[in-house]
Amino acid sequence: MPLQIIRADITKMKVDAIVNAANSTLLGGGGVDGAIHRAAGPELLKECRTLGGCAAGDAKITKGYNLPAKYVIHTVGPIWRDGTYGEPEILASAYRSSLELADAYHCESVAFPLISAGAYGCPRKTALSIAVNTIGEYVLEHDLNVFLVIYDKKSFEIGSSWFGSLQTYIDDAYVREQMLAYGSERRYQTTSFASYPAKKKSRFPGIGMGEKKKERKGRKEETETSFHRPEAELFSGYAKREEFEADMMAPNAAPMPQYAMAPAEDLEDRLRRLDESFSKKLLRMIDERGMKDSECYKKANIDRKHFSKIRKDEHYRPKKTTVLAFCIALELTLPQTRAFLESAGYALSHANVADMIVEFFIERGNYNIFEINEALFHYDQNLLGS
Ligand code: APR
């Protein structure tokens, strides 16, 4: 995966190069600078003394000595004032200079801390978005696997403008999911009612109330821990859930839409009707959009090796995050995304936070996979790409 956001201690990363957020003397300091020098041992400082310092936005390279990484790239971020003294440009330049140096030394993998986000006072969300966008731009044009290492997630906050509305979107979609699960939104009647608890006058065939209630109870508890929504809010207008369910089961509730059973067809027919394979469909859609393969897999945050595996194997079975990554790269609409997922045996679900995050970005036409991954990382979800 060309750009991954992970939680780790950079001094333990087994990559070709780790980047040090140093100061212009390159003679060590606190924070990640201090941690790297401690882990590398005194030889690192000895070599740094020969470098003659480093200007802000530039980068210099040394060996890694006792570190698992082969090299240390020392760069100097800006001391943050208010962002109007060229700090963003200097910070972006610190990332770019480090990436160019890594390339020049034929590194295949590099790990960055959040430069200037500590002692140098850059607001974390600004530091993060400059890091994600600068590195994201670079890996679209170069073959390099980059790790952006967030050391203390607790202070990790998303800065992008969409974050507030994303949280609301997730909450709203979640409430809808809960209400649907309890049958409150009649206009959303779907097959999920089919498993609704069977009652003598009920139109909802399915398992007994007992199991359903237990399962439902479990879901409510799980709900509250994950979303802390008081029950009254979820079942607004009803004093308690039992009243709510009685109403939903009432004979005058909207009739359950009848689902005509698909005519039986024998296995051969179904196998003959098999859609084109995932990889065939992907390659066709890349061609239809006049994209180059490399343009598509880089926009999908997929590395070259992985793409060639997909290309060679007509029966390749992708993970859901891989399919979603290509939906983003191909800039598919929501219906096209659902169809592409279904052809690979997956579906989007409002019970799945990661799916809701991807849906949120697609609905807003934001196909920046690195921004989407920033959001997925914030919610502890698997990132898109591979
Ligand atoms: N692994 C990964 N990230 C780390 C680690 C670690 N072991 N230790 C700290 N960090 C993170 C911090 O949480 C912060 O998000 O590195 C980021 C950068 O913080 P600083 O190390 O303070 O670097 P910076 O803000 O660029 O200030 C540089 O601080 O240490 C001195 O000599 C350094 O004068 C220079 C200044």
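Counting convention: from 1, in listed order, for ligands and their atoms alike. All residue numbers in this chain count up from 1 along the given sequence.
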| ligand 1 atoms in contact with D33 (distance to a heavy atom under 4.0 Å) | 30 (O), 32 (O), 33 (C)
| request: Could you establish whether G30 and ligand 1 come within less than 4.0 Å of each other, counting only heavy atoms on the residue side? | output: yes
| Polar contact flag for A119 and ligand 1 (N/O pairs, less than 3.5 Å) | yes
| field | Whether over 12 other heavy atoms sit under 6.0 Å from R289 CZ | value | yes
| query | Numbering the atoms of ligand 1 from 1, which are under 4.0 Å from a heavy atom of A117? | reply | 15 (O), 25 (O)
| query | For ligand 1, which atoms sit closer than 4.0 Å to a heavy atom of A21? | reply | 23 (O), 26 (O), 28 (C), 33 (C)
| task | Using a strict cut-off of 4.0 Å, indicate which atoms of ligand 1 neighbour a heavy atom of S116. | result | 24 (P), 25 (O), 26 (O)
| said: Any atom of ligand 1 sitting under 4.0 Å from a heavy atom of G34? | reply: no
| note | For L114, the ligand 1 atoms with a heavy-atom partner under 4.0 Å come out as 15 (O), 17 (C), 18 (C)
| Looking only at distance, does G118 have an N or O less than 3.5 Å from an N or O of ligand 1? | yes
| message | Parallel, tilted or perpendicular, judged at 30° and 60°: which one describes the rings of Y95 and F112? | response | tilted
| message | I need the atoms of ligand 1 closer than 4.0 Å to a non-hydrogen atom of R124, numbered in the order shown. | response | 13 (O), 15 (O)
| Distance only, no hydrogens: is a donor on one side chain within 3.5 Å (strictly under) of an acceptor on the other, for Y120 and E87? | no
| remark: For D9, the ligand 1 atoms with a heavy-atom partner under 4.0 Å come out as 1 (N), 6 (C), 7 (N)
| request: May I ask you to decide if the ring planes of F278 and Y316 are parallel, tilted or perpendicular, using 30° and 60° as cut-offs? | output: tilted
| message | Counting only nitrogen or oxygen atoms and a 3.5 angstrom limit, does G121 reach ligand 1? | response | no
| said: Tell me whether Y151 has any N or O atom under 3.5 angstrom from an N or O of ligand 1. | reply: no
| Counting heavy atoms only, which of I10, N23, V19 is nearest atom 34 (O) of ligand 1? | N23
| request: Look only at interatomic distance and state if V32 has a nitrogen or oxygen under 3.5 Å from any nitrogen or oxygen of ligand 1. | output: yes
